[in-house]
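Beneath this line is the structure, given in structure tokens, with notes to follow.
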Amino acid sequence: MQTTLSVRWRIAPADAPRVLLHCPRCERDRFFVSSGRFRVNAQKKRLDAWLIYRCSHCDRTWNLPVFERLRVSEIDSALLDRLHGNCPVLAAEWGSDVAALGRYARAVEPVEPQVSKEMIQGARDAPLMQIIIECGVPRMHLDRLLAAELGRSRSRIARWEEEGVVVVTPAHRFVQDGQMVYVRMSSLSAAERPTVVRAATGLEP
């Protein structure tokens, strides 16, 4: 019997979170959505950059600061090229930063990414489960992903990590492409094991 059950999680990006702001044109709170485009403004030797959002009702714009009043010499030229080129990956990264959005918005409505699961090899009753993550979503918290996909609370995931039930390599608070998550199945109760395997693989027993 193989001692490791290997599972691959492919995480595809969803739409960027919507933000609730007061719209002066609508004269009420409205959800704004990312346009995926940047605005860069130069004032003498300093630059400002914003990610442009639009009201979902009237199309009025709101700008999320990327950086403000930075000297040109302080900005990486590759980053500046990506801003001028409206790089979709960069727009997705900034538009997915819920913490940054929360500093400006009345509320942030995140959209869950799409996670597809595939068993690679091994048996369901293997003592060790290996989850291989292929991630296309920037700045997603790992504990949130594991809690949602394994059907456990974030506090339970944190406790599992402290107890060595879950081991992550490389260890990082955000999901990394190619990251490995190991779950020591022998440390779980007999009742928990089948539910965790079913949640991890997406397959019924």
Side-chain angles (χ1 to χ4, degrees), residues 9-72 74-117 133-155 157 172-177 199 202:
W9 287 3
R10 291 189 176 95
I11 307 172
D15 294 333
R18 302 191 306 170
V19 294
L20 186 66
L21 301 162
H22 180 75
C23 178
R25 185 177 297 167
C26 295
E27 297 185 339
R28 57 171 294 182
D29 287 353
R30 295 284 194 188
F31 277 109
F32 283 64
V33 296
S34 171
S35 68
R37 302 183 66 83
F38 293 96
R39 176 188 171 197
V40 180
N41 184 54
Q43 294 185 9
K44 296 184 178 179
K45 295 184 178 181
R46 295 183 181 271
L47 292 178
D48 302 300
W50 304 271
L51 177 61
I52 302 171
Y53 280 70
R54 296 188 181 278
C55 173
S56 58
H57 185 76
C58 73
D59 217 33
R60 183 183 175 92
T61 61
W62 169 74
N63 296 328
L64 171 69
V66 175
F67 56 75
E68 296 178 297
R69 308 296 295 159
L70 278 184
R71 294 181 179 275
V72 176
E74 297 176 319
I75 304 171
D76 182 74
S77 59
L79 172 61
L80 199 55
D81 288 342
R82 294 170 75 193
L83 290 168
H84 283 301
N86 295 309
C87 172
V89 175
L90 187 63
E93 179 177 349
W94 279 97
S96 299
D97 192 337
V98 175
L101 293 169
R103 290 197 290 269
Y104 302 96
R106 298 175 186 264
V108 180
E109 186 180 78
V111 180
E112 295 299 325
Q114 300 298 314
V115 181
S116 62
K117 301 170 183 178
I133 297 176
E134 294 182 3
C135 184
V137 179
R139 300 191 67 79
M140 182 178 186
H141 288 270
L142 178 62
D143 63 341
R144 177 183 167 194
L145 171 69
L146 294 177
E149 298 305 322
L150 295 180
R152 298 298 184 270
S153 67
R154 294 174 78 169
S155 60
I157 296 297
H172 202 282
R173 62 180 297 199
F174 293 113
V175 179
Q176 305 289 303
D177 188 39

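All residue numbers in this chain count up from 1 along the given sequence.
Rounded to the nearest 0.5 Å, atoms CD1 (Ile133) and CG (Leu146) are 6.0 Å apart. For the atom pair CG of Leu64 and OG of Ser34, the computed distance is 8.5 Å after rounding to the nearest 0.5 Å. Here the CH2-CD distance, from Trp9 to Glu149, works out to 5.5 Å after rounding to the nearest 0.5 Å. We find the CD1-CG distance between Ile75 and Asp81 to be 11.5 Å, quoted to the nearest 0.5 Å. To the nearest 0.5 Å, the span separating NE2 on His141 from CZ on Arg173 amounts to 5.0 Å. Arg152 contributes atom CZ, which lies 8.0 Å from atom CD1 of Ile157 (distance to the nearest 0.5 angstrom).
Taking the side chain as every heavy atom from C-beta outward, Arg60 and Arg30 never approach each other to under 4.5 Å. A 4.5 Å side-chain heavy-atom check between Val66 and Leu90 finds every atom pair outside the cut-off. Counting only heavy atoms from C-beta outward, the side chains of Phe31 and Leu20 approach each other to under 4.5 Å. Between Asp177 and Glu134 there is a side-chain heavy-atom pair separated by less than 4.5 Å. Looking only at side-chain heavy atoms (C-beta outward), Val115 and Ile11 come within less than 4.5 Å of each other.
At distances below 3.5 Å, not a single donor-acceptor pair connects side-chain atoms of Arg28 with backbone N or O atoms of Cys26. Judged by distance alone, with hydrogens and angles left aside, the side-chain atoms of Asp48 form a donor-acceptor pair with the main-chain N or O of Arg69 at under 3.5 Å. No side-chain donor-acceptor contact under 3.5 Å links Thr61 to the backbone of Ile52.
Under the ring-ring contact (aromatic ring centres under 6.0 Å, His included) rule, Tyr53 has a single partner from Tyr104, Trp62, Phe38, Phe32, which is Trp62.
Lys117 approaches Ala199 most closely through the heavy-atom pair NZ-O, 2.5 Å. Listed here is the closest heavy atom pair of Asp29 and His22: OD1-CA, 3.5 Å. Residue Arg106 comes nearest to Leu21 through the heavy atom pair NE-C, 4.3 Å, listed as atom of the first residue, atom of the second, then distance. Scanning all heavy atoms of the two residues, the minimum distance from Gly95 to Leu101 falls at O-CD1, 3.5 Å. For the residue pair Leu142 and His172, the shortest heavy atom distance occurs at CD2-O, 3.8 Å. Minimum heavy-atom separation, Val19 to Ala105: CB-CB, 3.7 Å.
Applying the 6.0 Å contact sphere to CZ of Arg46 captures more than 12 heavy atoms from other residues, nucleotides or ligands. Counted within 6.0 Å of CD on Glu27, heavy atoms from surrounding residues, nucleotides or ligands total 12 or fewer; the atom is thus considered open.
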